[in-house]
K.L.:
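First the structure, which I've put down as structure tokens, then a few questions once you've had a look.
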Amino acid sequence: MKAIEVQNLTRTYGRTRAVDDITFAVEPGELFGFLGPNGAGKTTTIRMLTGQLRPTSGQAQVAGCDVVAQRQALKPQIGVVFEQQNLYERFSALDNLCFYARLYGVQKGRVEKVLAQVGLLERAGHRVEEYSNGMRQRLLIARALLHEPRVLFLDEPTRGLDAHVAREIRAFIAGLARQGATVFLTTHYIEEADRLCNRVAFIDHGRIVALDTPARLKATHGAADALEDVFVKLTGRALEGVGMYSSGAAQVPSGQGPWSTA
Amino acid sequence: MNAPIKLKNFAQITWAIAGKDISDALKNKTILANLITIMLVVIFYRFLPVLEGEDVLPGLMVYDQGHSSRTAQLEDSLAFRTYLATSAEQVQAFVGRADRARMGIVLPPDLDQTLAAGQSPTVDGYVPHWASRRQVEKLRAFYEVELGTWAGQPVHIRTEGNVVYPRLEWGGLGFLTSLTFVLALTLTGILTVTHLMLEEKQTQTLQALLVSPASIGQVVAGKALAGAFYCLVVAGSVFVINGAIVAHWGLAILAAACGTALSVALGLLLGSIFEVKQQLMLWSFLLLNLLLAPVFLEIESDLLPQGISAALRWLPTVALARTLRLSFGNHVPWGTFAANLSPVLASAVLLYLAVGWRIRKMVDKT
């Protein structure tokens, strides 16, 4: 069974086709990158796949659940890291996670384990409003991992973070992938996807314009060094935000990340 | 999943959301500020009569059944101001409309003969039912001395069984209490309950909730429970401060429960319509005026055309105030109580239907 299976998925807003007849599948244990400029349809796709938005047409299954008909059954199977840092700011990290643990029916021991996993256990009692951007992002990831979902959706997880925090987050994602987690990652940082993902899909104006492993995409389109060149060749324009971090900052350590993913 | 497990699951998630919001009140400056302001309003209205200051002279209304020649001399008293009544009902209204404890007396028809015979007359003294024993004793002792001087004989004032219960159409402490109650509940609904929904929307934590096992129905039910908790705390504080006026606690609690249902429904509807706090700030002033001005107007129904006065009673806030005022009386006709409660309940049901419709729209939009 595929972790994610999407067929002819479309979402329109009035006359605008935000997502236009996309079809793809993600294998279990795969780190799948979904790349595109702002407004290309990445977040709309993620919202449909996580049951937050009803598709206009087409079908999608995530972890074996239809995203429309089995929306409630889908919820425990997925974890979502939103683009916005939507946490309860007045609550401590521990209280934030304990609240979600009650919703998911998860034991408190798991809360502490996941806080330790993202390196926040020592400051778990502090209010989130006192946290740095990087700590909040780690807490968002902890929240998404709390109930041990089968598929993890990360919507622009490094957006707006400074270089070293972004590198920490990437290392953590890489660690998750090494452990066999299925990750659906949207980003407009092309180097991030190049280094992290098993396969990437380029989306532009709601349509998937290419889908393959980064190496094969580069080989097929004669862009030996940069995945960005493939996107430029396919769409005639560059991805917005490329170059916001140096390529060094995008490197993923080959060994263990800064936080334990064990 | 079978029905009992589904229900248990629904209740667990709903309670988790409500528990979060209730505990959040201690950390949330907006909610704390709202609740403190509402408490201050409750305290302000209770002690408004005290703030207005004591009259220069206490007032005494007198109905003289025997048309005694001496009665006119009471008006010369320097210790109290005398108001002459033409009926015992007028005396009762004088006492019942008061916002502070005061007395009215009914002189016996044979006062002159009793005094001529050198006997001590007994007069009926009326006091509000909510006056404390100490207040009643103080009033009785004061007027027994003053009337004794006036009569030239000791005068005994009989207050036993002469307590006056506020009537629906009377002002005074009964009206002030019902106004405070409606004001506090409406403010809690519009400001606090709406804020619970709005904040989840603005911080986008609602999105995170909706990808968790919580459904939108559970989110709204959790907010309703938290809102009901706030409303009951506020209603409870009104009763703690004004409890002496309540004659029928069962009816008062029923009024509080229905008022809570109405207020929570209003807050949930606004919370489901508004997207940002600025909208709430813009509309809350207008809404509060629309809902509360009729409560003031209704008590002055003598000044209004009859049709308007009757129409006002169908407004939920007016009906709620009247329902609570009924619990202050000694005799409550069930028909009158039901007639006053029904606009409150009907409005609450309509508002919950509107909340349901809004939620369905929100779900359909996704």
K.L.:
With only heavy atoms counted, which part of L210(B) is less than 4.5 Å from chain A, the side chain, the backbone, both or neither?
P.N.:
backbone
K.L.:
Find the one option among R102(A), R143(A), R90(A) whose heavy-atom pairs under 4.5 Å with chain B are most numerous.
P.N.:
R90(A)
K.L.:
I'd like to know which of M48(A), R127(A), H147(A) tops the heavy-atom pair count under 4.5 Å against chain B.
P.N.:
R127(A)
K.L.:
Are any of the side-chain heavy atoms of F153(A) and V211(B) separated by less than 4.5 Å?
P.N.:
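No, their side chains stay 4.5 Å or more apart.
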K.L.:
Going by residue number, which parts of residues 81-88 of chain A are within reach of chain B, meaning a heavy-atom gap below 4.5 Å?
P.N.:
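Within residues 81-88 of chain A, near chain B: F82(A), Q84(A), N86(A), L87(A), Y88(A).
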K.L.:
Should the pair D21(B)-K223(B) be classified as a salt bridge under the 4.0 Å nitrogen-to-oxygen rule?
P.N.:
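Looking at D21(B) and K223(B), the cut-off is met.
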K.L.:
Using non-hydrogen atoms only, which part of Y100(A) is less than 4.5 Å away from chain B: side chain, backbone, both, or neither?
P.N.:
side chain
K.L.:
May I ask you to name which of I13(B), T205(B), T203(B) has the most heavy-atom pairs under 4.5 Å with chain A?
P.N.:
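Maximum pair count with chain A is reached by T205(B).
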K.L.:
Under the salt bridge (charged side-chain N to carboxylate O under 4.0 Å, His left out) rule, collect the residues that match up with R136(A), sequence neighbours excluded.
P.N.:
E89(A)
K.L.:
Heavy-atom distances under 4.5 Å only: say whether I17(B) touches chain A with side chain, backbone, both or neither.
P.N.:
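When you check distances to chain A, atoms from both the backbone and side chain of I17(B) fall under 4.5 Å.
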K.L.:
Which residues pass the salt bridge (charged side-chain N to carboxylate O under 4.0 Å, His left out) test with K20(B), not counting sequence neighbours?
P.N.:
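Partners of K20(B) under the salt bridge (charged side-chain N to carboxylate O under 4.0 Å, His left out) test: E200(B).
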K.L.:
Among all residues two or more places apart in sequence or in another chain, which pass the salt bridge (charged side-chain N to carboxylate O under 4.0 Å, His left out) test with K8(B)?
P.N.:
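By the salt bridge (charged side-chain N to carboxylate O under 4.0 Å, His left out) rule, K8(B) matches no residue at all.
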K.L.:
Is the CD atom of E130(A) crowded by more than 12 outside heavy atoms at less than 6.0 Å?
P.N.:
yes
K.L.:
Using a cut-off of 6.0 Å, state whether more than 12 heavy atoms not belonging to K2(A) lie near its atom NZ.
P.N.:
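Not buried by this count: 12 neighbours or fewer within 6.0 Å.
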K.L.:
Considering only heavy atoms from C-beta outward, does the side chain of L35(B) approach that of V233(B) to under 4.5 Å?
P.N.:
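Heavy-atom side-chain distance check fails, nothing below 4.5 Å.
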K.L.:
Rounded to the nearest 0.5 Å, how far apart are CG of L185(B) and SG of C258(B)?
P.N.:
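One finds 11.0 Å between CG of L185(B) and SG of C258(B).
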